Chemist: 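One structure, as structure tokens, below. Some questions next.
Letters A, B, ... mirror the listed sequences (proteins, then strands); counts begin at 1. Keep in mind that this is a model prediction, so the values were computed, not measured.
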There are 2 protein chains.
Amino acid sequence: MQSNINYNDLKNKLLLHALKATQQRIVIYEAVLRLNNHPTTEEIYALIRPDNPSVSLGTVYKNLEKFVEAKLIRKVACEDGMMRFDGNIDKHNHFYCTNTHEIIDFQEEDLHQLIGNFLKKKKIDNFEIEDFHLQINGKKIDIQKEIVFS
Amino acid sequence: MQSNINYNDLKNKLLLHALKATQQRIVIYEAVLRLNNHPTTEEIYALIRPDNPSVSLGTVYKNLEKFVEAKLIRKVACEDGMMRFDGNIDKHNHFYCTNTHEIIDFQEEDLHQLIGNFLKKKKIDNFEIEDFHLQINGKKIDIQKEIVFS
DNA sequence: TTTCTAAATAGTAATTTTTCTTATCTAAGA
DNA sequence: TCTTAGATAAGAAAAATTACTATTTAGAAA
């Protein structure tokens, strides 16, 4: 758990990504990290609203987009129609539960390399690969419990 | 190219998927197949509108959703915020051009098996995998030309 | 520290996308 | 042919997103 996200770390992270560190941005970025299960814009807005009633929804939308541009966070397009955001920018992939619409991180360096190597060897003309994203679709068996992989 | 999509084939395909073969559904399904580059709902609506002015947008939305449920087509959530649809239900993956927002099919049986085998070997508890989808992000170098891979 | 300015924000309006509602209609099985 | 469950049109409504503009502010420069 990231309980150690303090004001200065957040601020520096923003500055490092060439983003003016406004109060609103710090709060929004913190919310993305706290809600570490791929929140929607509304979920982020709902989290920050009680303590920051003057932050407008438009600001949340605009800044999430800015953060993605600056590669501070990632966008995750979801089949349920909602755009979601991911504060974890390490290489990783996702499970998607078609029952609960949860997106669950799947950190598996071996698999990531396997795919990366395949693409490197493959001759692909007229396309410069930046990254890739694997989404594994299925259903959680016990919705209450977590997915365990080893 | 699928120039051989005729009325009866479309109708039978719908019936095969337990969908009542209405005139509207035949027209909508045909549009998805014709617009074989992952059209949005609006693009589908725009294509059929001239010849079928009485088909309503709501019908297009509802039926695309129905088709996905019936596994007649696939949904492709796109980072540009638009939901797109794919009439090709064969196992395949996608390139996504962050410049043009195009989604381009990447049919590569070897890669698909590589990933499938990895996941089969991996012990994953509390999740029943149905399928997976690899999206390769990057930029087309010459926007006019196609991506070539071999 | 104070001043300056480009950039960011709040609040609201407008637009876009999607879903819902209801009266009417139709495909396909009996 | 008749019947009816399911589908449709049309428009209203809701939800999601973007745009606009006066005001404010972070951070650079003096």
Chemist: Do A:Tyr7 and A:Gln23 have side-chain atoms, one donor and one acceptor, less than 3.5 Å apart?
Modeler: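 Side chains of A:Tyr7 and A:Gln23: pair found under 3.5 Å.
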Chemist: I'd like a list of close polar pairs between nucleotides 11-22 of chain D and the protein, N/O only, cut-off under 3.5 Å.
Modeler:
{"unit_1": "D:dT17", "atom_1": "OP2", "unit_2": "A:Tyr61", "atom_2": "OH", "d": "2.7"}

Chemist: How about CD on B:Glu146, more than 12 heavy atoms from neighbouring residues, nucleotides or ligands closer than 6.0 Å, or not?
Modeler: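 Counting other residues, nucleotides and ligands, CD of B:Glu146 stays at 12 neighbours or fewer.
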Chemist: Step through it carefully: locate the ring centre of B:His112, locate the ring centre of B:Phe132, and say whether they are under 6.0 Å apart.
Modeler: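 Close enough - the centres of the two rings lie under 6.0 Å apart.
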Chemist: Please step through salt bridge (Lys or Arg N to Asp or Glu O under 4.0 Å) for the pair B:Glu109 and B:Lys91, ending with a clear verdict.
Modeler: CA-CA 8 Å; B:Glu109 189 56 38; B:Lys91 290 183 192 317; over 6 Å; no
Chemist: Parallel under 30°, tilted from 30 to 60°, perpendicular over 60°: which one fits the rings of A:Phe95 and A:Phe106?
Modeler: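 Tilted, since the angle between the ring planes falls between 30° and 60°.
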Chemist: In whole angstroms, how far is the P atom of D:dA7 from the CG atom of B:Leu15?
Modeler: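 Spelled out: CG on B:Leu15 to P on D:dA7 is 12 Å.
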Chemist: How close or far is atom P of D:dT8 from atom CG of B:Leu14, stated in whole angstroms?
Modeler: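 Interatomic distance, CG of B:Leu14 to P of D:dT8: 10 Å.
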Chemist: Would you list the pairs meeting salt bridge (charged side-chain N to carboxylate O under 4.0 Å, His left out) in which at least one residue belongs to residues 77-89 of chain A, sequence neighbours left out?
Modeler: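 Sorted result for residues 77-89 of chain A: A:Asp80-A:Arg84.
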Chemist: So what is the end-to-end bend of the helix from C:dT1-D:dA30 to C:dA30-D:dT1, with 5 pairs used at each end and the value given to 10 degrees?
Modeler: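 Rounded value for the end-axis angle: 40°.
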Chemist: Closest nucleotide of DNA chain D for B:Ile28 versus for A:Ala21: which of these residues is on the 5' side?
Modeler: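 By nearest-heavy-atom nucleotide position, the 5'-most residue is B:Ile28.
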Chemist: Can you pull out every ring-ring contact (aromatic ring centres under 6.0 Å, His included) where at least one residue sits in residues 31-66 of chain A? Sequence neighbours excluded, please.
Modeler: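 Listed by first then second residue: A:His38-A:His94.
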Chemist: Any donor-acceptor pair under 3.5 Å linking the side chain of A:Lys140 with the backbone of A:Lys145?
Modeler: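 Judged by distance alone, yes, a pair lies under 3.5 Å.
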Chemist: Measure across B:Pro50 and B:Ala46 and return the closest heavy-atom pair with its distance rounded to 0.1 Å.
Modeler: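 Of all heavy-atom pairs spanning B:Pro50 and B:Ala46, the closest is CD-O, 3.2 Å.
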Chemist: Using the side-chain contact (heavy atoms from CB on, under 4.5 Å) criterion, which residues pair with B:Ser56? Sequence neighbours excluded.
Modeler: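 Only B:Thr59 meet the side-chain contact (heavy atoms from CB on, under 4.5 Å) criterion with B:Ser56.
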Chemist: Encode nucleotides 2-8 of chain C as B, S and - characters from 5' to 3', where the letter depends on protein heavy atoms closer than 4.0 Å: B to the base, S only to sugar-phosphate, - to neither.
Modeler: ----BSS
